[in-house]
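For reference, the structure is listed below as structure tokens.
In what follows, every chain begins at residue 1, and chains take the letters A, B, ... in the order their sequences are listed.
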Number of protein chains: 2
Amino acid sequence: MAVAGGRSTKRLQRGTLSQGLIVGTALRILDEDGPDALTFQRLGKELSSSATAVYRHFASRDHIMVAVAEELDRISLEGYEPHESWTESLRDLAIRAWNTALDHPAAAALCMGRVTRGVHELRAVDAVLEAFHRGGWRGREAVLHYQAFSNFILSMASNNAWRLVNQRFGAEVNWVQEYQPADPDAYPYAEAAKEHLRSVDMTEVFHRQTDILLAALEAEAATLPRD
Amino acid sequence: MAVAGGRSTKRLQRGTLSQGLIVGTALRILDEDGPDALTFQRLGKELSSSATAVYRHFASRDHIMVAVAEELDRISLEGYEPHESWTESLRDLAIRAWNTALDHPAAAALCMGRVTRGVHELRAVDAVLEAFHRGGWRGREAVLHYQAFSNFILSMASNNAWRLVNQRFGAEVNWVQEYQPADPDAYPYAEAAKEHLRSVDMTEVFHRQTDILLAALEAEAATLPRD
DNA sequence: ACCTGAACACCGTTCAAGT
DNA sequence: ACCTGAACACCGTTCAAGT
């Protein structure tokens, strides 16, 4: 009889572990118990292997995080096809990233948008550039727009992911401190906004911002030379 | 004679440490050696105190980070006055946040935009809301725009801060991996963009995005009722 | 009241030893 | 070749002891 709960078989058979299995398990741990829960100890426990066995498949914790980032890219793009309208393609890609961050906030907070140099990242880059190409941009201008767009999307999504993480798993540090006793009405606008501030839906804010951005891009595209 | 380098006086006199001194030191450590350098050990060394003395002034590492976030707010707003044009006020506030993140990338990456409940955060909230009030928005609509604007600015700034951190202090994990051997020209757009991608100036991208956002806000403001 | 030093639990990582 | 277990250096935090 071994530790607790499971098949107390002595040793993991040879080919059990793999990069894919480890990444999937890491993502599940992050989803269930937040960023701090992902340790080698915990990984080993969930894989019912020794903690250090993971080092046969990943060189370090950071390499695991890059692989998780790739997995987020994969999840985001699953089933994506370009739309007829290039703006709809961009909107679709934006919403996919946003939803992935909602589904996996801890993983998104830790590594969304990290450079992975993997296929799925490459697919995402290509999909965005394809849309801008269809919009009429070429060369350096297309790349600038790609950067602005993807940076905007990933920034908003991962920033919101942090908010969710702190809400769900966070130490409640944020709610302890008080505004300094001085100046009760020196900040009238902030004071008046207090009640509204709690009820803001960030997804609504994100959609609004995306609409504004896409409208601006459409207006700019109208001024470009057509092939 | 004590360890090395400094005045080997035995004990720190009573009132030497303070929250302000600790925050300033923490920020300097982050600036010089990146996110991982900020440890209690290092703090104690720089303050020439014992590592645990800091606990008299902050309850935990996280409380220090919140105080650093407040300091970033303070630095950003230093000398700020509303402009005649409300859009110029917003642009000024945006650029201030961006520049603070450039000056203190490690601190910005770790805690920029965190809820601090401090005076300087309150000042920032009030300054943004004041601008939107002047633009003509009221009540819930004003708060929604505040959220969208500040979230956009802080997301872009702290996201860029992470890029800088990984560049300056980072483990060079990102540059090891290769694209999968398959499909050399299955991603033609990404392939064609490769050379441009390296030379993109994120500050230029940020200014462009801010311009787009402010233009959209100005257009929307024109449709609002005037007092 | 504030600072120090030893101690504790935990974490990432290394490595010799098993199969 | 892959998995295990002991060991190492380090980190945040606690606490009794100094002044």
Side-chain angles (χ1 to χ4, degrees), chain A residues 1-4 6-23 25-26 29-30 33-68 106 110-111 169-173 176, chain B residues 2-3 6-23 25-26 29-30 33-68 106 110-111 169-173 176:
Chain A
M1 186 161 61
V3 206
R7 58 241 105 106
S8 46
T9 39
K10 38 247 104 189
R11 203 171 227 261
L12 221 58
Q13 40 181 343
R14 288 300 212 88
T16 313
L17 263 41
S18 69
Q19 294 208 19
L21 181 62
I22 292 168
V23 168
T25 306
I29 293 170
L30 289 171
D33 293 316
D36 295 343
L38 185 62
T39 65
F40 280 86
Q41 210 63 34
R42 176 71 182 274
L43 262 176
K45 196 175 156 189
E46 300 271 343
L47 295 161
S48 45
S49 76
S50 91
T52 56
V54 177
Y55 276 95
R56 278 291 131 186
H57 301 89
F58 287 103
S60 73
R61 188 183 199 281
D62 208 48
H63 284 80
I64 299 176
M65 292 318 301
V66 170
V68 171
L110 288 177
C111 66
F169 311 104
E172 7 50 88
V173 170
V176 181
Chain B
V3 205
R7 58 241 105 105
S8 47
T9 39
K10 35 237 114 189
R11 201 173 229 260
L12 221 57
Q13 40 182 345
R14 288 299 213 88
T16 313
L17 263 42
S18 69
Q19 294 207 18
L21 181 62
I22 292 168
V23 168
T25 307
I29 294 170
L30 290 170
D33 294 317
D36 294 344
L38 184 61
T39 66
F40 281 86
Q41 210 63 34
R42 178 71 181 275
L43 261 176
K45 196 174 158 191
E46 300 270 344
L47 295 161
S48 45
S49 77
S50 89
T52 56
V54 177
Y55 276 95
R56 279 291 132 186
H57 300 88
F58 286 102
S60 74
R61 189 182 199 281
D62 207 49
H63 284 80
I64 299 175
M65 292 317 302
V66 170
V68 171
L110 287 177
C111 66
F169 310 105
E172 8 49 271
V173 170
V176 182

Begin from the C-alpha positions of Arg56(B) and Leu17(B) and carry the test side-chain contact (heavy atoms from CB on, under 4.5 Å) through to its verdict.
-> CA-CA 9 Å; Arg56(B) 279 291 132 186; Leu17(B) 263 42; over 6 Å; no
Sequence-distant partners of Ala106(B), side-chain contact (heavy atoms from CB on, under 4.5 Å), two or more places apart |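 Ala106(B): side-chain contact (heavy atoms from CB on, under 4.5 Å) contacts with Leu30(B), Pro35(B), Val165(B).
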For Thr39(B), enumerate each residue passing the side-chain contact (heavy atoms from CB on, under 4.5 Å) test, keeping only those at least two apart in sequence or located in another chain.
->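 Applying side-chain contact (heavy atoms from CB on, under 4.5 Å) to Thr39(B) gives Gln41(B), Arg42(B).
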Rounding to a whole Å, what distance do you find between [X]:[atom1] and [N]:[atom2]?
{"X": "His57(B)", "N": "dT13(D)", "atom1": "NE2", "atom2": "C1'", "answer": "17 Å"}
{"X": "Leu43(A)", "N": "dC11(C)", "atom1": "CG", "atom2": "C1'", "answer": "13 Å"}
{"X": "Asp62(A)", "N": "dC11(C)", "atom1": "CG", "atom2": "C1'", "answer": "15 Å"}
{"X": "Leu17(B)", "N": "dT4(C)", "atom1": "CG", "atom2": "C1'", "answer": "12 Å"}
{"X": "Leu47(B)", "N": "dT4(C)", "atom1": "CG", "atom2": "P", "answer": "10 Å"}
{"X": "Leu21(A)", "N": "dC3(D)", "atom1": "CG", "atom2": "C1'", "answer": "14 Å"}
{"X": "Gln13(A)", "N": "dC2(D)", "atom1": "CD", "atom2": "P", "answer": "14 Å"}
{"X": "Tyr55(B)", "N": "dT14(D)", "atom1": "OH", "atom2": "P", "answer": "6 Å"}

With sugar-phosphate meaning primed atoms plus P, OP1 and OP2, does Leu38(B) contact a base, only sugar-phosphate, or nothing at under 4.0 Å between heavy atoms?
->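 It contacts sugar-phosphate atoms only.
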What is the nucleic acid contact for Ile64(A), judged by heavy atoms within less than 4.0 Å: base, sugar-phosphate only, or nothing?
->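 Counting heavy atoms under 4.0 Å across all strands, no contact is made by Ile64(A).
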Would you please name every residue forming a ring-ring contact (aromatic ring centres under 6.0 Å, His included) with Phe58(A), sequence neighbours left out?
->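 ring-ring contact (aromatic ring centres under 6.0 Å, His included) check on Phe58(A) returns nothing, list empty.
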Hey, which of these two, Asp36(A) or Arg56(A), hits DNA chain C nearer its 5' end, going by closest nucleotide?
->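 Final value for this comparison: Asp36(A).
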Dump the intermediate steps for side-chain contact (heavy atoms from CB on, under 4.5 Å) on Val68(B) and Leu38(B), then the final yes or no.
-> CA-CA 12 Å; Val68(B) 171; Leu38(B) 184 61; 5.6 Å; no
For the side chain of Arg14(B), starting at C-beta, report the closest nucleotide among dC2(C), dT4(C), dT4(D).
->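 Of the options given, the side chain of Arg14(B) lies nearest dC2(C).
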From dT19(C), dT13(C), dT4(D), pick the nucleotide closest to the side chain of Ser60(A)?
->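 Of the options given, the side chain of Ser60(A) lies nearest dT13(C).
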Listed by chain and number, what are the side-chain hydrogen bond (donor to acceptor under 3.5 Å, both in side chains) partners of Ser50(B), not counting sequence neighbours?
->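 Ser50(B): side-chain hydrogen bond (donor to acceptor under 3.5 Å, both in side chains) contacts with Thr52(B).
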According to a strict under-4.0 Å criterion, is Arg61(B) in side-chain N/O contact with OP1 or OP2 of dG12(D)?
->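 Yes, because at least one side-chain N or O of Arg61(B) sits under 4.0 Å from OP1 or OP2 of dG12(D).
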What distance separates [X] [atom1] from [Y] [atom2], expressed to the nearest 0.5 Å?
{"X": "Arg14(A)", "Y": "Thr16(A)", "atom1": "CZ", "atom2": "OG1", "result": "10.5 Å"}
{"X": "Asp36(B)", "Y": "Ile29(B)", "atom1": "CG", "atom2": "CD1", "result": "13.0 Å"}
{"X": "Ser49(B)", "Y": "Ile22(B)", "atom1": "OG", "atom2": "CD1", "result": "7.5 Å"}

Could a donor-acceptor pair under 3.5 angstrom be found where the side chain of Arg11(A) meets the base of dC3(D)?
->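 Flag set: donor-acceptor pair detected.
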Dump the pairs, protein N or O against N or O of nucleotides 5-10 of chain C, anything under 3.5 Å, distances to one decimal.
| residue | atom | partner | partner atom | Å |
| --- | --- | --- | --- | --- |
| dG5(C) | O6 | Thr52(B) | OG1 | 2.9 |

Which ranges of DNA chain C pair up as stems, where a stem means three or more consecutive Watson-Crick or G-U pairs with both distances under 3.5 Å?
->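 When the pairs of DNA chain C are grouped into runs of at least three, the stems are C:4-8 with D:12-16, C:12-16 with D:4-8.
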Test Val54(A) against Leu47(A) for side-chain contact (heavy atoms from CB on, under 4.5 Å), laying out the working first.
-> CA-CA 9 Å; Val54(A) 177; Leu47(A) 295 161; 4.2 Å; yes
